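This structure is a prediction, so every number in the text was calculated from the model and none was measured. Here is the naming used below: chain letters follow the sequence lines, and residue numbers restart at 1 for every chain. Below, all heavy atoms of this structure are taken into account, side chains as well, without hydrogens, waters or symmetry copies.
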2 protein chains.
Amino acid sequence: MVSTTTGRHGPETRGRILDAAEALFVEHGLEATSMRMITALAGVNLAAVNYHFGSKENLIQEVFRRRLGELNQRRLAALDQVEADAVRAGVRVKPSQVLEAFFEPSLQMATDLAHGGRIFMQLLGRTYTEPNAFVRKFLAAEYADTLERFLAALYESLPGVPREEILWRFHFMMGATSYAIAGTDALQLFAGKFDDEDPARLIPRLMSFLLGGLRAPLPDFAHSGTAEPGDVR
Amino acid sequence: MVSTTTGRHGPETRGRILDAAEALFVEHGLEATSMRMITALAGVNLAAVNYHFGSKENLIQEVFRRRLGELNQRRLAALDQVEADAVRAGVRVKPSQVLEAFFEPSLQMATDLAHGGRIFMQLLGRTYTEPNAFVRKFLAAEYADTLERFLAALYESLPGVPREEILWRFHFMMGATSYAIAGTDALQLFAGKFDDEDPARLIPRLMSFLLGGLRAPLPDFAHSGTAEPGDVR
DNA sequence: TTAGAATTCAAACGAACGTTTGAATGAGCT
DNA sequence: AGCTCATTCAAACGTTCGTTTGAATTCTAA
């Protein structure tokens with residue numbers, strides 16, 4: 001029988017498996033991480049995963065669900081706060097506030113060495129482009145409500161701007177954030193090039209970049225490929 | 001014997017395998033794509049891959065090398081052109097010109113339906129975060145020279161700006177571009193949300209965003225997390 | 001036409017995969 | 001004590017993986 005909450009006893013086998021799986025998924029990817037690797041690292045029997053989680057797919061979902069729930073709750077709480085403040089002050093929410101409510105919690109989590117959040121956020125960054133269909137579907141479902149609320153808030157904060165453009169730019173911002181989180185050596189392209197990898201500085205760095213991208217002049221579709229807005233700033 | 005150029009005859013078995021592998025890698029990822037899937041789609045015998053390429057790893061490298069060489073050549077040619085023009089006019093190269101030389105060729109390739117480039121660029125976008133060590137090493141080596149030249153050009157075009165910040169922003173830009181290319185439904189988060197997926201408009205859209213991010217005010221590390229430059233435009 | 005090399009093919013190889021089985025273990029309760 | 005039941009364990013299941021083999025086939029060149 002699979003215990004969905006905590007097994008009656010069994011010291012903390014479930015947790016050990018989740019932690020081991022999380023770390024190995026980051027290092028090798030979902031497919032390339034075998035049950036034997038997970039159980040070996042966790043120091044439990046091979047059959048323990050199927051006993052506690054039923055299948056590898058269920059384990060993967062559980063690894064994500066454990067962290068993603070808290071992440072999106074923090075995001076929504078931050079947005080609630082921002083919107084409440086705006087109502088109280090009788091002003092419109094600023095786009096930068098919406099962005100911060102969405103992206104800061106993930107960056108906080110990514111730079112939080114204590115709670116293993118850093119490992120998870122690297123995994124999440126990679127998984128955004130995961131080809132595996134069931135993983136994508138699952139993540140999309142987990143994200144749906146949060147994304148809906150943030151897009152609505154962003155639309156409202158930018159009344160003049162076509163929603164089409166806002167949507168695209170949010171998409172771009174998720175990409176930039178994903179890279180920022182996945183690590184400076186994601187592709188080892190930048191290996192050895194960064195002098196300063198202080199994670200505390202990553203947040204203002206990325207936020208400046210995202211805000212600059214969001215506020216950029218709208219594209220000019222007049223001429224085909226080369227979009228050169230002409231003036232700088 | 002493995003023929004590195006074109007096998008003497010054999011109609012175009014090598015090319016059929018490369019095309020099939022490319023398409024399947026996009027759809028299922030590198031690990032999840034089996035030799036049997038590849039050979040079945042290509043309509044060749046299972047042993048043909050090992051005969052023509054030696055191993056699955058070699059096949060993967062060949063899939064990337066085939067397209068990546070041309071892509072980086074186009075990038076460097078575009079940069080040469082821009083720098084030559086600047087010398088002739090006696091002015092400094094503009095940062096926007098450097099960005100366009102780097103990112104436009106990949107976007108052109110991504111929106112080029114004719115030559116299968118679109119499929120490859122989706123693959124490349126996903127592979128930037130590939131956990132597989134040998135793939136990352138290989139891609140890093142393929143990119144090294146090109147990246148070096150573009151970073152140097154970018155440093156020169158932005159004399160006042162700390163190189164540290166330029167490096168970070170280039171990293172962010174690669175992330176945004178990667179997402180843009182990987183597709184609007186990478187995570188199916190945005191499925192059904194985009195009214196206009198005209199690939200011709202993707203280029204100016206992304207370029208506007210990237211330039212905005214590059215030109216954003218430098219981050220303020222004074223207070224901890226929240227970087228709020230204060231004014232909007 | 002014939003010798004020889006290049007390519008294709010069906011079949012099999014050992015290894016690793018996720019999962020299942022059924023017995024051993026051990027704590028909690030009457 | 002004895003019973004119960006969740007958990008652990010070693011072993012094996014059937015399947016799929018990448019790769020290899022050796023004989024058939026096809027093409028090239030003399």
Could you tell me how far apart [X] ([atom1]) and [N] ([atom2]) are, to the nearest whole angstrom?
X	N	atom1	atom2	answer
Tyr51(B)	dT21(D)	OH	P	15 Å
Leu46(B)	dT7(C)	CG	P	18 Å
Ile17(B)	dT19(D)	CD1	C1'	14 Å
Leu30(A)	dC17(C)	CG	C1'	16 Å
Leu59(B)	dC17(D)	CG	C1'	15 Å
Met35(A)	dT20(C)	CE	C1'	11 Å
Phe53(A)	dG18(C)	CZ	C1'	16 Å
Glu12(A)	dA6(D)	CD	C1'	16 Å

Would you say the rings of Phe150(B) and Phe170(B) are close, in the sense that their centroids are separated by under 6.0 Å? no
When you measure from the centre of the six-membered ring of Phe209(B), is the NZ or CZ of Arg169(A) closer than 6.0 Å and no more than 45° off the axis? no
Distance check: side-chain N/O of Thr13(B) vs OP1/OP2 of dT7(C), anything under 4.0 Å? no
Asn45(B) side-chain N/O to dT7(C) phosphate OP1/OP2 under 4.0 Å: no
Selection from [options] that lies nearest to any side-chain heavy atom of [X]:
X	options	answer
His52(B)	dT8(C), dA10(D), dT20(D)	dT8(C)
Ser34(B)	dT21(D), dG18(C), dC17(D)	dC17(D)
Ser55(B)	dT19(D), dT19(C), dA6(C)	dT19(D)
Arg36(B)	dT20(C), dT7(C), dG18(D)	dG18(D)
Ala47(B)	dA10(C), dT19(C), dA6(C)	dA10(C)

If the test is salt bridge (charged side-chain N to carboxylate O under 4.0 Å, His left out), which one of Arg67(A), Arg66(A), Arg74(A) qualifies with Glu70(A)? Arg74(A)
Looking at every strand, decide which applies to Thr33(A) at a 4.0 Å heavy-atom threshold: base, sugar-phosphate, or nothing. sugar-phosphate
Answer with base, sugar-phosphate or nothing: what part of the nucleic acid does Ala48(A) contact at a heavy-atom distance below 4.0 Å? nothing
Find the distance between CG (Asn50(A)) and NZ (Lys56(A)) and round it off to the nearest 0.5 Å. 11.0 Å
Measuring from Ser55(A):OG to Gln61(A):CD, what's the distance to the nearest 0.5 Å? 8.0 Å
Residue whose closest nucleotide on DNA chain D lies nearer the 5' end, Gly43(A) versus Lys56(B): Gly43(A)
